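Read through the structure below, which is laid out as C-alpha cells, and then see the notes.
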Amino acid sequence: MNNKKKAVILFSGGLDSTTVLYYALAKKYNCHCLIFDYGQRHKKEITGAVKIAKQLKVNYSIVKLTLPWSKDVLTNKNKKVPANKQIAGTIPSTYVPGRNTLFLSFGLSCAESIKAEKIFIGANALDFSGYPDCRPQFINSYNNLLKSLELKIKVEAPLVHKTKAQIIKLGTKLKTPYQYTWSCYNGLTKPCGVCDSCKLRAKGFREAGVKDPIIQK
C-alpha cells in the first residue's frame, strides 16, 4: 500500500463522492478520505461515509467545522428545505457559501501532509442544483491556484461533465454500494422524494435503468 500513488478524497457519503472514491480505488490510488461535519441538518451521510470507509479499510478523518454566519437551509434546521422546486436557474437556498472552497483547502492541507498527488471531488455540473462551486470553471481556477503555489497536486473532478445516469452506470460497474449512500437534504427515516437532491437521484437511477437500493418498495 505504501508504494502506491496517494489521493485525498472529499467524501460526503453521498452518491457522487462515493462513486469518486471507488473510481480512485479502481485507478490504484491509496486513498485518504476527508469526511466533513460542518453543522449540516443531519448526520446520515456521515454515518454512511464512515461505514463505507471502514468496510474498505481506507484511512479517513472526520473534519468538524462551524459556520455560525451561514444562513443557508442545509446548516439551519429552523429553515424548511424547498420541495418540488425547479431544478435550474438561480442558486438555491441549499447552497452553503464557500463550502467546496473550504473542503478543498482542507484537502490541500491533507494532501501536502501525506504527500498525495491528487485531491478527488465529486462535483457535477450537469444534473445538479446549480451550485457555483460545482462547475468546471471553479475546479480549473482552483488548479490554477495550486500551480501558482508551485505544488505538484491536482484536483480531479471525474464526474463534472457526467449526467446522474452516467455516474450511476459508472458506479454500478465499479460495484459502488449505493445502499449505504444518502442524498436527501432531510434526515428522515426514508428519503423525502421531493427535495432537489432526491429528485436528481431518482432521475439518475430511472434514466440509468437501475433500481435505487435505498428505496424500499
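As the structure is a computational prediction, the values presented were derived from the model and not from experiment.
- For the side-chain hydrogen bond (donor to acceptor under 3.5 Å, both in side chains) with T181, the lone residue among R201, K51, K44, E45 that qualifies is R201.
- Of all non-hydrogen atoms in Q179 and P213, the two that sit nearest each other are N-CG, 3.5 Å.
- Listed by chain and number, the residues in a side chain to side chain donor-acceptor pair (under 3.5 Å) with T94 are Y131 (sequence neighbours excluded).
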Using atom types as modelled, flag every donor-acceptor pair under 3.5 Å from a side chain in residues 17-25 to any protein atom, sequence neighbours excluded.
from	atom 1	to	atom 2	distance (Å)
S17	OG	S12	N	3.0
S17	OG	S12	OG	3.1
S17	OG	G13	N	3.3
T18	OG1	G14	O	2.6
T19	OG1	L15	O	2.8
T19	OG1	Y178	OH	2.7

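- In summary, D16 and K164 engage in a salt bridge, as defined by a charged side-chain N under 4.0 Å from a carboxylate O.
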Worked verdict on V73 versus R41 for side chain to side chain contact (heavy atoms under 4.5 Å, CB included)
CA-CA 8 Å; V73 169; R41 299 178 72 91; 3.7 Å; yes
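- Residue K43 places its NZ atom among more than 12 non-hydrogen atoms of other residues, nucleotides or ligands, all under 6.0 Å distant.
- Residues C198 and C192 approach most closely at SG-N, 3.8 Å, considering heavy atoms.
- Residues K5 and K27 share a closest heavy-atom pair of CE-O, 3.0 Å.
- Both I168 and L174 belong to a common hydrophobic cluster when Ile, Leu, Val, Met, Phe, Trp and Tyr are linked at side-chain heavy-atom distances under 4.5 angstrom.
- With sequence neighbours left out, K80 forms a side-chain contact (heavy atoms from CB on, under 4.5 Å) with no residue at all.
- For K115, there are no salt bridge (Lys or Arg N to Asp or Glu O under 4.0 Å) partners at least two apart in sequence or on another chain.
- H42 places a side-chain N or O within donor-acceptor distance of the main-chain N or O of C184, the cut-off being under 3.5 Å.
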Only distances under 3.5 Å count here; give the side-chain donor-acceptor pairs of residues 145-160 to other protein atoms, sequence neighbours excluded, each with its distance to 0.1 Å.
from	atom 1	to	atom 2	distance (Å)
S148	OG	L145	O	2.6
E156	OE2	K118	NZ	3.2

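- Of the possible donor and acceptor atoms, one in the side chain of N100 sits under 3.5 Å from a partner among the backbone N and O of D133.
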From CA spacing to verdict: side chain to side chain contact (heavy atoms under 4.5 Å, CB included), W182, T47
CA-CA 9 Å; W182 187 263; T47 300; over 6 Å; no
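- Checked against the 6.0 Å centroid criterion, the rings of F36 and F103 qualify as a close aromatic pair.
- Among residues two or more places apart in sequence or in another chain, the side-chain contact (heavy atoms from CB on, under 4.5 Å) test is passed with N76 by K79.
- Side chain of N124 to main chain of K162: a donor-acceptor pair is present (N/O by atom type, distance under 3.5 Å, no hydrogens or angles).
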